[in-house]
Amino acid sequence: MKVGIARDERFLEHKTGHYHPEHPKRLDAIYRMLDQHFKDRLILVPSSPATLEQIERIHSPSYIKRILKTAEQRITSLAPDTPISAESYYAAWLAAGACVNGIDSLMANTCDAFFAFVRPPGHHALPDKASGFCIFNNVAIAAQYAIDRYAIERILVIDWDIHHGNGIHDIFYDNPKVLYVSTHDLMMYPYTGEIDQTGKDEGDGYTVNIPILREFTDNDMIYLYQEILRPLIAGYRPQLIMVAAGFDAHANDPIGRSRLTEATYGGVTRLLKHLRSLPENPPFFYTLEGGYDQRALAESIKTILTELTGGLSPMPPLSPGPAATDLVAQVKKIHLPYGILS
Ligand SMILES: [Zn+2]
């Protein structure tokens, strides 16, 4: 696959304080890994700020005004866990724009897969509220742009960050154009994403919340995604697959309490390549969400880029534990009436 990326030193200007986990060093580690292993193998898609109109499709004008005002102060606390610096508003604007530009490059066939290495992250951001280290909802802004600009009707969003992406979830909860699938730890922030929350109105059935167990192994996770995504992609036929790519379910992450390794992220990416041979041939869009151990972050992203830039390797045989097979059965039972996951 031709793989495009967004990287820009201006994302490092968003400062959160020396001891905050969402630190510029996260991107430093990723950019170093890119230079070391993927030099000249990826297409750089330049980042430019999103337009006000694009951000206003998701966020309220009063909230956007509040974010702009933060440029006047050295430090602002947008939420107890979300301190920002005077430069942060611009980084947030640029992160959303980098994602929009990624959609353009996928739709123009400049690349078949795109990864936005940006900060601040976005999946917790609500229309009028910053939280969980997020300012603007990068995935939601890019998905809405794909719908508005390219008349895309079916977007599959996979969110494998250990935290539930309550922002993406709430924004598209009643919208069948975005099918949101999240695996997360219900006992962690923001404590949302119950398995029986499936969407509402026209969007009923288009939200798949999968609370996972901390004991799950790579095998369990890849099996779970295989069993859920295979029927779901066949039934929904997405025209675009977006991944809210957080890496805090990695065993070495200081915030997440799970046991996964980078093999999960490479494994699910390989799975997506296997499942993609549809008439729609959906392109892949990834954007960075959480993940706070620099080495785990860089290694996890390396496995994804290795899968994306390499040939199609066979899926290894999986031997999931009983908890994973039970969870898959439970999710399928809840979603059976909607007919997408059968
Ligand atoms: Zn997270």
Side-chain angles (χ1 to χ4, degrees), residues 11 14 16-17 19-27 29-30 78-84 88 91-92 95-96 99 115-126 129-140 142 157-171 180-194 207-214 216 218 221 224-225 242-262 264-265 268-269 285-301 303-304:
F11 298 124
H14 162 50
T16 49
Y19 299 105
H20 197 283
E22 205 290 278
H23 194 276
K25 283 182 182 163
R26 299 173 64 230
L27 278 189
I30 295 170
L78 282 180
D81 61 3
T82 313
I84 68 168
S88 298
C99 290
F115 205 137
F117 299 112
V118 301
R119 45 188 297 281
H123 73 153
H124 296 303
L126 294 160
K129 193 168 171 262
S131 71
F133 320 160
C134 302
I135 301 177
F136 293 141
N137 200 310
N138 302 325
V139 167
V157 176
I158 298 163
D159 188 337
W160 65 44
D161 190 283
I162 198 59
H163 304 96
H164 183 237
N166 57 318
I168 306 171
H169 177 271
D170 289 8
I171 289 162
Y180 180 66
V181 179
S182 175
T183 47
H184 50 270
D185 185 341
L186 253 188
M187 303 302 283
M188 297 191 80
Y189 177 87
Y191 311 101
T192 53
E194 301 275 355
T207 293
V208 182
N209 283 310
I210 312 177
I212 58 167
L213 300 183
R214 287 180 182 171
F216 274 9
D218 292 325
M221 280 301 273
L224 189 155
Y225 270 107
M242 300 179 79
V243 182
F247 300 95
D248 38 16
H250 194 287
N252 296 343
D253 191 88
I255 293 184
R257 293 171 201 162
S258 298
R259 296 187 185 168
L260 305 180
T261 75
E262 49 272 22
T264 286
Y265 309 111
V268 177
T269 296
F285 172 104
Y286 292 73
T287 188
L288 182 64
E289 298 288 356
Y292 306 100
D293 179 81
Q294 290 166 38
R295 191 150 183 270
L297 196 54
E299 285 301 314
S300 298
I301 290 165
T303 63
I304 291 176

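Whatever order the structure lists ligands and atoms in, that order sets their numbers, starting from 1. Computed from heavy atoms alone, side chains included, the values below leave out hydrogens, waters and symmetry copies. Note that the coordinates shown come from a computational prediction; the quantities given were computed from them, not determined experimentally.
In this structure, Val268 and Met221 have side chains that are not in contact, with every pair of non-hydrogen atoms separated by 4.5 Å or more.
Checked against the Zn ion (ligand 1), the N, O or S atom of His163 at the shortest distance is ND1.
Take the Zn ion (ligand 1) as the corner point: the lines to OD2 of Asp248 and to OD2 of Asp161 open at 90°, to the nearest 10 degrees.
The Zn ion (ligand 1) has no N, O or S atom of Glu289 under 2.8 Å away, backbone or side chain. Residue side and main chain included, His123 places no N/O/S atom under 2.8 Å of the Zn ion (ligand 1).
Using a cut-off of 4.0 Å between Lys/Arg side-chain N and Asp/Glu carboxylate O, Arg295 and Glu299 are scored as not salt-bridged.
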Verdict with reasoning, Thr303 to Thr269, per side-chain contact (heavy atoms from CB on, under 4.5 Å): CA-CA 9 Å; Thr303 63; Thr269 296; over 6 Å; no
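Sorted by first and then second residue, the side-chain hydrogen bond (donor to acceptor under 3.5 Å, both in side chains) pairs with a member in residues 180-192 read Ser131-Tyr189, Asp159-Tyr180, His164-Thr192, Ser182-His184, Thr183-Tyr225, Asp185-Arg214; sequence neighbours excluded.
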